[in-house]
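Before any comments, here is the structure.
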2 protein chains.
Amino acid sequence: MGLTKTDQFTERQNEIAALAKAIGHPARVAIIEHLLKENSCVCGSIVDALPLAQATVSQHLKELKTAGIIKGNIEGTSICYCINDVVWNKFKGILSALFEEYELSKNKCC
Amino acid sequence: MGLTKTDQFTERQNEIAALAKAIGHPARVAIIEHLLKENSCVCGSIVDALPLAQATVSQHLKELKTAGIIKGNIEGTSICYCINDVVWNKFKGILSALFEEYELSKNKCC
DNA sequence: TTTATTTATCGTAATATTGCAATAAATAGA
DNA sequence: TCTATTTATTGCAATATTACGATAAATAAA
C-alpha cells in the first residue's frame, strides 16, 4: 500500500503524471518561471529568488532534473541550470494534445 | 516542517502547482482521459475502467473535484462526472502562457 | 596548501499521499 | 418498509514529500 501502481497505467498516463507532478509544487513553478525570465540561471540566483533554504531548493532542482524538465551545466564552482528544450517541448505537445481532445469532445453531460 | 509554504509564493504559482498536482498521478490522468473519451461519465464506469478499488478511485475523484478540474451531477443513485469547462480552460490558458514564455525567451545558456 | 564559495547529500521530523477493506449514506424500486 | 445499487467516508498501513540544519564535495583563488 501507499505505492502507486505505475505498471497498471499506460506509458502516456505515467508520462503526463510524472511531468505534471514535477511542476506540482509552487517552489518548482517558481524555479521554472525564474529560468524563463532570468538571463543567468546559476543555481545560487535561484536559491536567492526562492523563500526556501538552500538544501530545500537543491532538492526541488533535483526533482525537476529527474523529471527531465531542467538540466545543469557545471561552470566553475557554480552550476548553470536551464530548461531542457526537448522535454519541455514534449511536455507542451502532450498537454496540447490533451487539451485538444477536450475541444473535440462534444459529450458534455453535466 | 513538511508543510508547503504556500503563503510565500504567488497566487499564480500556487494555482499552476495545484492544477498540475491534480493531474500528477496516472490514475487521475486516466480519469481525465476517460471523461474525454466516453459519452457516459457515470462514476461506476470510471471505477470499471481503472485498475484500482472503488474506494481509491473515489478518493482520486475527490481530489480532481477539489482542484476544480471535474464536477459531478447526481443522477438517481449514481453520479455523472465530467470536466469542469471553466477550470479546464483556465488551466489550458495558464499553461499555454507558460509555454509561450519559453518560446519568447532567448537566453538559453546551456 | 589553505581558505572561501558553491552546490549536493545526509539525517531527521512533520505532514501528505496512496491504496484497500469495511462500512456508511443515499436513493430507486419491489 | 425492505432490499439492492451506487458512491462516499472511515480507519489503517505503507510510502512519499517537504523542509531544514549540518556536513560533505568540488573547485577557484589566495
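Every chain is numbered from 1, with letters handed out A, B, ... down the list of sequences. Please read all numbers here as calculations on a predicted model, not as lab measurements.
Residues from residues 13-33 of chain B with heavy atoms under 4.0 angstrom of DNA chain D: there are none.
Nucleotide D:dT7 holds its P atom 13 Å from the CG atom of B:Leu50, rounded to whole Å. In this structure, CD of B:Glu63 is placed 19 Å from P of D:dT7, rounded to the nearest angstrom. Atom CG of A:Leu52 is separated from atom P of D:dT17 by 17 Å (rounded to the nearest Å).
In this structure, A:Tyr102 and B:Asn89 approach most closely via the heavy-atom pair CE2-OD1, 4.4 Å. Taking every heavy atom of both residues into account, B:Ala22 and B:Ala67 meet most closely at CB-CB, 3.6 Å.
Listed by chain and number, the residues in a side chain to side chain donor-acceptor pair (under 3.5 Å) with B:Glu15 are B:Lys90 (sequence neighbours excluded). Shown here are the side chain to side chain donor-acceptor pair (under 3.5 Å) partners of A:Gln54, two or more places apart in sequence or in another chain: there are none. Partners of A:Glu101 according to the side chain to side chain donor-acceptor pair (under 3.5 Å) rule, which considers only residues two or more places apart in sequence or in another chain, are A:Arg12. Partners of A:Gln59 by side chain to side chain donor-acceptor pair (under 3.5 Å), not counting sequence neighbours: none found.
One N or O on the side chain of A:Gln13 and one on the backbone of A:Thr10 form a donor-acceptor pair closer than 3.5 Å.
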A correct 5'-to-3' footprint of nucleotides 5-10 of chain C, with B, S and - meaning base, sugar-phosphate only and no protein heavy atom under 4.0 Å, is BSBBB-
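For C:dT17, the OP1/OP2 oxygens have no side-chain nitrogen or oxygen of B:His60 closer than 4.0 Å.
Ring planes of B:Trp88 and A:Phe99: tilted class, angle from 30 to 60°.
Among the atoms of the strands shown, none is found under 4.0 Å from any heavy atom of A:Ile74.
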